[in-house]
Amino acid sequence: MIPRLESLLPRPAPDGAPRMTPGNPERYVPAEVERKWQERWEAEGTNRFTEAELRSAEAPFFNLMMFPYPSAEGLHVGNIYAYTGADVHGRFHRLAGRDVFEPIGFDAFGIHSENFALKAGIHPMDLIPRNIATFTRQLRRIGGMFDWHHAVDTTTPDYYRWTQWIFLALYHAGLAERVEAPVNWCPSCKTVVANEQVIGGLCERCDTPVGQRRIAQWFFKISRYAERLLSNLDTLDWSEPTKKAQRNWIGRSEGAMIRFPLRESAQGEGPDGAAGEDAIEVFTTRPDTLFGATYMVLAPEHPLVDRVTTPACARAVARYRDTVSRMDLVARKKAGKAKTGVFTGAHCVNPATGAPIPVWIADYVLMEYGTGAIMAVPGHDERDHEFARAFGLPILRVVAPEGEDPGAPLEEAYPGEGTMVNSGRFTGTPTPEGRGAVVSWLSRLRLASPQVNYRLHDWCISRQRYWGPPIPIIHCGACGAVPVPESDLPVVLPRVEDFTPDDSGTSPLARVEAWYRARCPACGGEARRETDVSDTFLDSSWYFLRYPSSHENERPFDPELNRRWLPVDSYIGGQEHNVLHLLYSRFVTMALHDLGHLEFEEPFVRFRAHGLIVREGAKMSKSRGNVIVPDPIIESHGADALRLYLMFLGPYTEGGDYRDQAIQGPFGFLKRLWETVTPVSELGDGPPHPDVERKLHRTIRQVSAQIPELQFNTAVAAMMEYLNAVRRGDRKAARAEVEPLVIMLAPFCPHIAEELWERLGAEGSIFETASWPEFDPEKTIEEEITLAVQINGKLRGRIAVPAGSGEAEALARARKEANVARYLEGAELRRVIHVKDRLLNLVVSVAQERP
RNA sequence: GCCGGGGUGGCGAAAUGGUAAACGCAGGGGACUUAAAAUCCCCCGGGGGCAACCCCUUAUGAGUUCGAGUCUCAUCCCCGGCACCA
């Protein structure tokens, strides 16, 4: 890339000449360098904010990364990868002049630790501190810029006191309610599992098939926020796939509510009950197909089922409902299984046609979505079609795609758009228009209204387990569910030696009478504490709010600190949290905003998901036994080399393949850098060599642009190229050539950068005394560049031209190039395309065959 | 099925519509060494040619363009997520 350099610099030394300067016997020993600087950072508080500094920081930058779940196995390379990328980003901004707050903590409650503790026979209260100690040691060892002074641990009463406080805040705002609901029940974990934690019918944690139970549980009414959670996404600087995943999860759909009046009795010929009390309401996105609704389906659990079922059908209906209720929620919802259902004996009136249509129940209709009832349009909905075929129900065409005969029978459902047919006054209307037209027609008769529905359902936070913060509620026979007064927080989780879950459907805490017996805060009578604990997602939905205020005892967070530090400037984490964690955090933040506790309603200004690390092409997992533990690598090559390698092995947001041998490259780079810079006394004092300088400014330009975009792999490659240029031909480096490189490398390899920076004569940490190098655009310009010459789009030669040469100049030089001339000979030049400083394409018509 | 992300040398990868394979790993050859390690130098997509050079090559097939890894359409395959959501 620096064509002239080789000619100007000393020739390469003859083969085999030792590269190490004789006067420089000191080798790069990462372990020593890293120990020295980690100790110094700690002793001097390099990465720590004092209370006063937090309050007065002028250019605050909150650099957040998803805090770890401290498992017993310790951190693996995948975790290190995530944290290193975030740390590189934070360190860069610090060198660029920001006051970077980079806290870390531990998300240590939850079923995972609890299960491990049960299996290992260690109490979680003993296990977790051990795990945290291991994680802390490992995190320190990789040289993250963490402010340990502000670490949080979600299992400490100091923390979960405020988790409970948030529950109460939402409770008082009417955003928490206790509802009996069918829930997924894992017979192995012996607890309720959230829908989103059931993967393909199996428990996310233990792969046991999940069943169904009805339990009274606490729900947060996140669905009230669906519209805001959706529309705010447009304002966020988040990775697009993450936003898309949230949009899908929220699942907004526009349609209408339509009322189907019930026919009072089968034999009644009288006027079909005008929009009276007895009607079945359905939600549909396709009111334009209303004329094709030939039957209705209620969810088996629908409250109207008992009312409408005729005596003749009662037994079959009861039997069917029983079968369905035995099925777990997930199997129940599994798509693709054969349609089943039974007729209730009742009929409704299609409000568009006035025709009576039968009412069925079937498990393909879900109680939790819409109204739990549908109008079935077998002509234009695949599921309804399949059902109608199975039970011999009429299938009517009411939509015809362009060119289709309105009378053509339907072999399969046609769900697309077209023209309405067989639809009375609407026949001939294009379906997109028809939707609104049908609704406005029926809305005058109070039989329909426009409606928006969301797939997002309320957030169940109850867990019938031990290892979590108790839900701060007291149940009183007289007063009902009474919130624990704020002044009584925290409701401390007692140490219970036997916390094995049982199949009672209640938490192990329900066996600890001394703990759950309480006085009702309202009436003072005998009462009982809520024995369920809350979901781990609640712990992690607000931890970032706590970091700056981690020492605050009187309130969850200090509004003044929040004003300075929040919302979070940069959040980096795994895509496995694209939906739930990020959505719950947004919801809690939004709710706290509405309650006047926060000034912002979106917690994370910028979010980027990092990729996943695989090993030698295979996914890393304990069962495969191919999990990479960082410690031996740090011992052999150093944390800096590991960090650099991880950042180099592929695009950060896409992840990459960890190959054991490949660390040699980055490690060798660090060794060469060390040998290039030390001993400092042998560095040249003059200005940089012009070619090296040009390369330097180009490198600064590239690295400065790419680090904020998390394009670490190419930034590292640029620095490698630059060092290669500095060392080319075994030349001696000048101080001015290496100093900027040391600074640019510092975010990736902070220890060696500190060491070299000190040897270069600085006093104090590079992160406090250095500033990010600037590039001069003037100095990035090459005087002479290589221009590619194409004939008819094929590369036929390269010519050297002065930078900025015009077309005439380029063409003249190209003609002199032998190979180019060969192609021009006897050909007619029809067109010249000249891209300045890049390429010259000569379009010729071939007069004769080339030799 | 739907929604995302991908498919480029032996491998990890790089490339504002403008010189495909930067940077690195592995491999081959060489220097140094009693030897090895370490280090350094050279080579390294496929084919043809003594060479100058030529042909082919970014999953496949079409298209747009002076020019396509990059844009458009269709097809195949891999990874991740969601999945009877009316």
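To find a chain, count down the sequence lines: A is the first, B the second, and so on, and within it residues start at 1.
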Rounding to a whole Å, what distance do you find between R247(A):CZ and G81(B):P?
-> 21 Å
Separation between the P atoms of G46(B) and A21(B), rounded to whole Å | 14 Å
Which one is paired to G1(B), where only Watson-Crick or G-U wobble pairs with both distances under 3.5 angstrom count?
-> C82(B)
Would you mind telling me which of G18(B), C23(B), A38(B) lies closest to the side-chain atoms of Q790(A)?
-> G18(B)
Hey, what are the protein-to-nucleotides 1-9 of chain B N/O distances that come in under 3.5 Å?
from	atom 1	to	atom 2	distance (Å)
C3(B)	O2'	N248(A)	ND2	3.1

For the pair Y584(A) and W459(A), name the ring-plane relationship: parallel under 30°, tilted 30 to 60°, perpendicular over 60°.
-> parallel
Which of the following nucleotides, A86(B), A13(B), C23(B), is nearest to the side chain of N724(A)?
-> C23(B)
Contact class for L649(A) vs. all strands (heavy atom < 4.0 Å): base, sugar-phosphate, or nothing?
-> sugar-phosphate
Name the pairing partner of A36(B), where a pair is Watson-Crick or G-U wobble with both distances under 3.5 Å, or state none.
-> none
Lys/Arg N to Asp/Glu carboxylate O, K339(A) vs D363(A), below 4.0 Å = no
Find the distance M375(A):CE to A86(B):C1' and express it as a whole number of Å.
-> 9 Å
With a 4.0 Å cut-off on heavy atoms, is K337(A) in touch with a base, just the backbone sugar-phosphate, or nothing at all?
-> base
Measure the distance from NE2 on H385(A) to C1' on C84(B) and round it to the nearest whole Å.
-> 15 Å
Side chain to side chain, L396(A) and L410(A), heavy atoms closer than 4.5 Å = no
Roughly how many Å is it from CG in N713(A) to P in A15(B), rounded to a whole number?
-> 7 Å
Can you list every pair that meets side chain to side chain donor-acceptor pair (under 3.5 Å) and has a residue in residues 280-290 of chain A, with sequence neighbours left out?
-> R259(A)-E281(A), R286(A)-D288(A), D288(A)-R435(A)
Identify whether any heavy atom of F669(A) sits under 4.0 Å from a base atom; if not, whether one sits that close to sugar-phosphate; answer base, sugar-phosphate or nothing.
-> nothing
Let me know the distance between CG of N578(A) and P of C79(B), rounded to the nearest Å.
-> 20 Å
With Y658(A) via ring-ring contact (aromatic ring centres under 6.0 Å, His included) - residues at least two apart | Y645(A)
Round to a whole Å and report the spacing from CG of N792(A) to C1' of A68(B).
-> 16 Å
Watson-Crick or G-U wobble partner of C25(B), both distances under 3.5 Å = G10(B)
Sequence neighbours excluded, the answer for ring-ring contact (aromatic ring centres under 6.0 Å, His included) partners of H834(A) is none
Check ion pair E240(A)-R247(A) (N to O, under 4.0 angstrom) | yes
Mate of C73(B) where both pairing distances stay under 3.5 Å, Watson-Crick or G-U | G61(B)
5'-most by nearest nucleotide on RNA chain B - A788(A) or Q706(A) | Q706(A)
Does E817(A) come within less than 4.0 Å of R796(A), counting only side-chain N to carboxylate O?
-> no
Taking only N/O atoms, report every protein-nucleotides 53-59 of chain B pair under 3.5 Å with atom names and distance.
from	atom 1	to	atom 2	distance (Å)
C54(B)	OP1	R796(A)	NH1	3.1
C54(B)	OP1	N819(A)	ND2	3.2
C54(B)	OP1	Y823(A)	OH	3.1
C55(B)	OP1	R796(A)	NH2	3.0
C55(B)	OP2	R796(A)	NH1	2.9
C56(B)	OP2	K794(A)	NZ	2.9

Rounded to the nearest angstrom, tell me the gap between atom CD1 in I374(A) and atom C1' in A86(B).
-> 6 Å
May I ask you to decide whether D691(A) forms a salt bridge with R728(A), counting only side-chain N to carboxylate O separations under 4.0 Å?
-> no
Under the side-chain hydrogen bond (donor to acceptor under 3.5 Å, both in side chains) test, which residues partner T714(A), sequence neighbours left out?
-> Q706(A)
Rounded distance in Å - CD (Q664(A)) to C1' (C11(B)) = 15 Å
Quick one: label V789(A) by what it contacts on the DNA or RNA (base, sugar-phosphate, nothing), any heavy atom closer than 4.0 Å.
-> nothing
Between A37(B) and G4(B) - C1' atom distance, rounded Å = 48 Å
For R252(A), answer base if it contacts any base atom (sugar-phosphate contacts may also be present), sugar-phosphate if it contacts only those atoms, and nothing otherwise; contact means non-hydrogen atoms under 4.0 Å.
-> nothing
